[in-house]
Structures are given as structure tokens and as C-alpha cells.
There are 2 protein chains.
Amino acid sequence: MKPGSEQISQKLKNAGMKVTPQRHAILEALYTLNNHPTVENIAEYIRKTHPGVATGTVYHVLDTLVQNGLVQRVKTDKDVMRYDATLENHHHIYSARTERIEDYFDNELDDLLLSYFQKKKLPNFDIDKITLQINGAFVDDSK
Amino acid sequence: MKPGSEQISQKLKNAGMKVTPQRHAILEALYTLNNHPTVENIAEYIRKTHPGVATGTVYHVLDTLVQNGLVQRVKTDKDVMRYDATLENHHHIYSARTERIEDYFDNELDDLLLSYFQKKKLPNFDIDKITLQINGAFVDDSK
DNA sequence: CTCACTGCAAAGGTTTTGCAGTGGG
DNA sequence: CCCACTGCAAAACCTTTGCAGTGAG
């Protein structure tokens with residue numbers, strides 16, 4: 001669930017980052033807008049409370065967050081980057097018709113995959129993480 | 001394996017597309033450069049034999065190929081689009097350190113996933129296709 | 001022949017970069 | 001106080017678009 005203001009500051013500190021208002025706001029935005037927001041989504045959201053944050057700063061802060069492991073980029077086949085602050089192991093459900101991307105948590109599946117790839121090693125490759133792209137259609141997505 | 005020239009023409013015809021030299025060359029490039037090339041990779045490759053093909057044409061042809069189901073876009077967390085002409089069910093192995101993306105075929109895994117999601121339905125979602133993102137490091141990738 | 005496709009170039013949108021000024025530790 | 005961070009704006013990229021000319025069926 002969504003961390004409070006203190007916890008957000010703590011996360012930044014733990015990652016060895018200075019706690020600036022911009023970083024705090026951007027990380028909070030990521031926890032609030034939990035549907036894999038774009039830079040534009042984030043900029044728009046934080047300007048409600050922090051007007052005057054430059055778009056370049058949002059890009060820069062997100063880069064830093066990614067490098068410090070607090071945020072991940074989401075793989076898509078579109079040309080706009082999307083970000084995800086959920087660090088626990090999870091998968092992504094992609095709508096074929098809209099830009100919607102939902103998280104999917106499933107420990108049973110994770111165990112299944114883990115044991116599968118423990119016995120079936122890939123030659124020449126060390127697996128770090130496996131994420132499912134579940135593609136299809138949400139039944140309530142109109143267009 | 002890689003289709004011959006005739007088979008490439010036939011694939012275009014089957015998809016209801018006119019067979020132009022550009023389309024033929026681009027589709028052939030995709031089968032030859034089988035490591036999920038970018039538009040630049042493709043343009044560079046086909047200009048060896050077909051100089052003067054405009055970059056805009058490559059984009060346009062790739063779009064058409066995607067729409068007619070002969071080619072798929074590959075999901076990445078980079079801002080350069082990559083393409084894949086392999087239509088059989090397969091997964092992708094992503095290098096954490098380089099731009100390398102390899103195909104991974106595994107029928108046993110596909111069956112496992114199929115049966116798993118047959119019993120474990122996702123509410124509100126019709127699954128079309130599931131692709132694994134296998135992230136990690138190739139042991140022989142230097143950088 | 002005709003209409004879809006291509007070439008070319010300009011425009012659009014996203015992301016990166018550079019530099020001066022500011023503020024968190 | 002100092003260095004990292006931010007704001008601003010320009011630049012760099014990738015991709016899309018518009019239009020006139022060409023060629024596949």
C-alpha cells in the first residue's frame with residue numbers, strides 16, 4: 001500500500017539520495033498514480049501541489065530513482081516511457097486496446113516459474129528476474 | 001528458419017499486401033537480422049542492396065507489416081522501437097547490460113502457462129497471449 | 001490505368017543536455 | 001559552505017505527416 005510522507009523520505013535516504021521537495025513529490029506521485037504513469041502524468045499531478053517543477057527535472061529525478069533502484073521502467077511497445085514504483089515481484093497485464101497496464105501479483109505463479117527455471121537452466125544466461133507480459137483485453141474497456 | 005525470396009513474396013500476398021521491392025527487402029531484413037532490429041538497423045541493412053529507401057518508408061512499411069500481422073513490436077524499456085518477424089509463440093531474454101534481446105522457445109513452458117491460466121482465470125480480463133520477459137545477463141556479454 | 005506506395009522534407013513529440021542559480025546536508 | 005540538485009531553454013532524437021511523383025496489379 002501507499003507509504004506515508006515520512007516513509008517516502010526514508011526511502012530516499014536509504015537509497016543515499018538527498019531529500020528534495022521535487023524528489024519527494026515525484027516519488028509520492030508514483031505511489032499515488034499507481035497505474036504506471038508517464039512523465040506527463042507525473043508532472044501534471046505534482047504541479048497541483050508543486051507548481052513550477054520543470055519537466056526536465058521530472059526526467060532527471062526519475063532517472064536517478066531508477067538508478068538507485070527505487071523505481072523501474074515498464075517495458076512497452078509504445079514510444080512514451082512509463083514508470084513503476086512497485087518493487088515487489090509482480091507481472092503486468094497489458095490492454096490491447098488502450099494504454100492501460102495493471103499489476104498482477106501471484107506468489108503461486110512465481111514459485112512455479114522459479115522451480116521451472118531452477119531445473120531448466122538457460123545456457124549462457126544468468127536469470128535475474130522474470131516478468132510476465134499478459135496481453136489481452138479488459139472486458140470493461142470500451143474502446 | 002529464414003524464408004526464401006519466393007516465400008517472402010508469398011507472405012506479403014497472403015496478407016493482402018502489394019509486393020514492392022521495399023517491402024520485400026524490409027521483410028527479408030527482419031528475417032536476416034534476427035535479433036529484433038531497430039528501424040535504423042533495418043534501413044542500414046537494406047540500403048546495401050536497395051540504396052535510396054527513405055527512412056520514412058521503413059517506418060511506414062513496418063507499420064503496415066505490424067497491422068497485417070506479419071511483424072510484431074517488441075516491448076522494451078528503451079525509447080527506440082524494435083521489431084520481430086517471428087510469429088510462433090516465444091519469449092524474450094533481455095540483457096541487463098546491453099541492448100541484446102534473444103528469442104526463447106519452450107513448448108513445455110507454454111503448456112505449463114496455458115494450463116496454469118486455464119484453472120486460474122483473471123477476473124475481468126481475456127488473455128490473448130502471454131510472453132515472458134526474462135531479464136538478466138548473458139555470461140559472454142563483456143560490457 | 002488507377003490507386004496504393006514511395007521519396008523527401010518538414011513538423012511533432014519525447015527525452016537529453018548545458019549552464020547558471022539555489023538549497024539540502 | 002559546498003556540491004548536488006533544479007529551472008529553463010535549446011538541442012537531439014525518433015517518429016509521424018503531407019504532398020507530389022511512381023509503379024504494382
Side-chain angles (χ1 to χ4, degrees), chain A residues 5-6 8-29 36-44 46-47 49-68 70-83 99, chain B residues 5-6 8-29 36-44 46-47 49-68 70-83 99:
Chain A
S5 177
E6 306 298 319
I8 290 176
S9 300
Q10 198 54 50
K11 280 172 187 284
L12 287 168
K13 278 181 206 152
N14 290 346
M17 297 174 66
K18 282 188 187 175
V19 180
T20 68
Q22 294 86 346
R23 289 175 172 186
H24 191 284
I26 289 170
L27 195 47
E28 204 239 327
H36 315 93
T38 64
V39 167
E40 261 319 291
N41 296 149
I42 295 167
E44 190 182 338
I46 66 173
R47 280 181 192 135
T49 50
H50 298 70
V53 175
T55 305
T57 299
V58 180
Y59 278 101
H60 194 261
V61 168
L62 285 169
D63 253 24
T64 313
L65 289 170
V66 169
Q67 269 159 30
N68 292 46
L70 291 179
V71 168
Q72 301 174 339
R73 290 184 217 273
V74 179
K75 287 182 172 58
T76 69
D77 53 10
K78 302 288 158 43
D79 59 354
V80 187
M81 195 60 69
R82 298 180 65 168
Y83 295 87
E99 304 305 299
Chain B
S5 178
E6 305 299 315
I8 291 176
S9 299
Q10 197 55 49
K11 279 171 188 285
L12 288 168
K13 278 181 205 153
N14 290 346
M17 297 173 67
K18 281 188 187 173
V19 180
T20 68
Q22 294 86 346
R23 288 175 173 186
H24 191 284
I26 289 170
L27 194 47
E28 204 240 326
H36 315 95
T38 64
V39 168
E40 262 318 292
N41 297 150
I42 295 166
E44 191 181 336
I46 65 174
R47 281 179 191 137
T49 49
H50 298 70
V53 175
T55 305
T57 300
V58 180
Y59 279 101
H60 194 262
V61 167
L62 284 168
D63 253 25
T64 313
L65 289 169
V66 168
Q67 269 160 31
N68 291 59
L70 292 181
V71 168
Q72 299 175 340
R73 290 184 219 272
V74 179
K75 287 183 171 58
T76 70
D77 54 11
K78 301 290 158 44
D79 60 353
V80 187
M81 195 62 68
R82 298 180 64 169
Y83 296 87
E99 305 305 301

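Lettering of chains follows the sequences in order, A, B, ..., and the numbering in each one begins at 1.
The nucleotide whose nearest atom lies closest to any side-chain atom of V39(A) is, among dG24(C), dT15(D), dT15(C), dT15(C). Closest to the side chain of A54(B), out of dC8(C), dA24(D), dC5(D), is dC8(C). Listed candidates were dG24(C), dT6(C), dA24(D). Nearest to the side chain of V61(B) is dT6(C). Ranking dT6(C), dG25(D), dT14(C) by closeness to the V80(A) side chain, first place goes to dT14(C). The side chain of V53(B) approaches dG7(C) more closely than any other nucleotide in the set dC5(D), dG7(C), dG25(D). The side chain of K18(B) lies closest to dC5(C), out of dC5(D), dT15(C), dC5(C).
D77(A) places its CG atom 15 Å from the C1' atom of dT15(D), with the value rounded to the nearest Å. Rounded to an integer number of Å, the gap from E44(A) CD to dT14(C) P is 12 Å. For the pair K78(B) NZ and dA12(D) P, the interatomic distance rounds to 23 Å; values are reported in whole Å. Distance H60(B) NE2 to dC14(D) P: 20 Å, rounded to the nearest Å. The separation between L27(B) atom CG and dC5(C) atom C1' is 16 Å, rounded to whole Å. As a whole-Å value, the separation of H50(A) NE2 from dG23(C) P is 14 Å. Atom CG of L62(B) is separated from atom P of dC14(D) by 15 Å (rounded to the nearest Å). The separation between I46(B) atom CD1 and dT6(C) atom C1' is 12 Å, rounded to whole Å.
Distances shown here put a side-chain N or O of T57(B) below 4.0 Å from the OP1 or OP2 atom of dG7(C). Within the 4.0 Å cut-off from OP1 or OP2 of dT16(D), not a single side-chain nitrogen or oxygen of Y59(B) is found. Proximity of T20(B) to the phosphate of dT6(C): a side-chain N or O atom is located under 4.0 Å from OP1 or OP2. Phosphate proximity of dG7(C) to Q22(B): present, with a side-chain N or O under 4.0 Å from OP1 or OP2.
Without hydrogens or angle criteria, H24(A) side chain to I8(A) main chain gives no donor-acceptor distance under 3.5 Å.
With L62(B) as reference, V39(B) is the one residue of T57(B), L27(B), L70(B), V39(B) to meet the side chain to side chain contact (heavy atoms under 4.5 Å, CB included) rule.
Residues Q10(B) and N14(B) meet the side-chain proximity criterion, which asks for heavy atoms closer than 4.5 Å.
For the residue pair R47(B)/T55(B), the side-chain donor-acceptor check at 3.5 Å is satisfied.
Smallest separation of non-hydrogen atoms from V19(B) and S9(B): CG2-O, 3.7 Å.
Two residues, V58(B) and R73(A), neighbour DNA chain C, and the one matched to the more 5' nucleotide by heavy-atom proximity is V58(B). Each of G52(A) and R82(B) was matched to the nucleotide of DNA chain D holding its nearest heavy atom; the match closer to the 5' end belongs to G52(A).
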